[in-house]
Amino acid sequence: RAADLQRAAHGLPHRPRADRDARVRGLHGRARVLDHAALGLPRRVVSVPAGWLAPGWRIEGVRALMSTREGGCSGGRFESMNLRHGLGDDDANVFSNEARFAEAIGAAPVWLNQVHGARVVRLAAADVVAGAPLHAADASVTTVPGIACAVQVADCLPLLFAARNGRAVGAAHAGWRGLAANVVEATAKGVAEAAECAPGDVVAWLGACIGPERFEVGVEVLAAFGVDPHGSAVGASSGSRHFRPGRPGHWLADLPGLARDRLAGAGVVEIDGCGGCTVTEPSRFFSFRRDGVTGRMAAAIALDAARR
């Protein structure tokens with residue numbers, strides 16, 4: 001039987017619909033109705049694992065973090081903070097990990113059906129209702145306190161955005177396809193519009209992803225960024241400086257570097273990042289490219305529910 005979190009929170013009878021939602025949607029929405037702060041109830045004091053990551057910038061009323069492998073209850077290939085269902089991990093463990101993550105961020109994470117595109121969705125109160133549809137998108141923006149924009153990763157780059165005026169936040173999942181499709185620019189624009197501010201008043205943070213020494217790509221990736229693999233510019237200046245020749249027919253790509261260029265082009269001035277490489281640090285991060293079958297980490301950002 002699926003955990004009916006509305007029942008747990010409000011003392012209601014178990015709803016059969018909770019079982020159906022769990023089967024159909026993998027309980028992606030379970031954390032949405034779990035978090036005490038998002039429900040307007042007293043929040044417990046939660047200890048965030050010391051190894052988790054967070055932006056260096058601080059904006060009043062904005063909460064942001066990224067999980068690592070630390071702090072969960074999953075085992076084996078998913079040890080220990082796996083936050084995604086359907087990968088082979090025990091669902092009960094993922095449920096528990098999701099609950100811990102929601103408590104740590106102090107808001108209700110809204111997960112996305114990530115499709116390596118550039119669609120940005122605006123999250124509202126309807127998205128934290130049990131049974132709400134899962135958006136097929138790679139980025140989200142919200143102005144609603146208590147709702148966390150969240151993305152899941154295991155090599156792709158997570159980005160968190162916040163308006164300096166504290167009116168809007170956003171999160172984006174960016175692999176090379178998403179970057180080439182302008183998901184970064186679209187998310188920055190979405191946060192600026194939602195906060196009614198200029199792009200220069202939006203700050204961004206780059207989480208851990210596959211590093212430039214390990215991200216080997218083929219000619220199709222260079223083409224997606226308009227780089228001529230036979231041109232002299234590869235490895236030199238402009239956007240092509242983020243690709244270095246590797247073994248024959250392959251290049252090493254700098255995903256964070258490409259993202260920073262995109263952010264600057266979108267007018268974002270303050271850009272922070274953690275610099276971690278998911279592939280080379282197996283004790284800290286999940287990596288699909290390294291391990292194949294593995295878990296997922298999450299990065300999330302929210303406006304503090306106490307501001308309501």
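Just so it is clear, the values below take in all heavy atoms, side chains as well, and ignore hydrogens, waters and symmetry mates. Just so you know, these numbers come straight off a predicted model, no measurement behind them. Position 1 is the first residue of the sequence; numbering continues from there.
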Can any side-chain N or O of R119 pair as donor or acceptor with the backbone N or O of A136 at less than 3.5 Å? yes
Are the side chain of N97 and the backbone of S80 linked by a donor-acceptor contact shorter than 3.5 Å?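 Yes, because the side chain of N97 sits within donor-acceptor range (under 3.5 Å) of the backbone of S80.
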Partners passing salt bridge (charged side-chain N to carboxylate O under 4.0 Å, His left out) against [X] (at least two apart in sequence or in another chain):
X: R77; answer: none
X: E185; answer: R262
X: R247; answer: E216

Spell out, yes or no, whether L112 and V153 are grouped together once hydrophobic residues are joined by side-chain heavy atoms under 4.5 Å, including indirect joins.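 Different hydrophobic clusters.
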Spell out, yes or no, whether F286 and L53 are grouped together once hydrophobic residues are joined by side-chain heavy atoms under 4.5 Å, including indirect joins. yes
With a 6.0 Å cut-off (strictly less than), is the heavy-atom count around CD of E220, excluding the residue itself, greater than 12?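 Counting other residues, nucleotides and ligands, CD of E220 exceeds 12 neighbours.
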By ring pair (Phe, Tyr, Trp, His ring centres under 6.0 Å), which residues pair with F288, not counting sequence neighbours?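 If we apply the ring pair (Phe, Tyr, Trp, His ring centres under 6.0 Å) test to F288, skipping adjacent residues, there are no hits.
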Of all residues at least two apart in sequence or in a different chain, which pass the side-chain contact (heavy atoms from CB on, under 4.5 Å) check with [X]?
X: A264; answer: none
X: P49; answer: W52, E70
X: A168; answer: T143, V191, A194, A195
X: V219; answer: P229, W251

[X]: side-chain hydrogen bond (donor to acceptor under 3.5 Å, both in side chains) partners, not counting sequence neighbours:
X: D155; result: T278, S287
X: R164; result: E270
X: R284; result: E281

Ignoring hydrogens, what is the shortest heavy-atom contact between A305 and P145? Give both atom names and the distance. CA-CB, 4.0 Å
Angle class for the H116/H173 ring planes (parallel below 30°, perpendicular above 60°, tilted otherwise)?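 It falls in the perpendicular class, over 60°.
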Show which side-chain atoms of residues 202-215 pair as donor or acceptor with protein atoms under 3.5 Å away, not counting sequence neighbours.
{"residue": "E213", "atom": "OE1", "partner": "R244", "partner atom": "NH2", "Å": "3.2"}
{"residue": "E213", "atom": "OE2", "partner": "R244", "partner atom": "NH2", "Å": "3.0"}

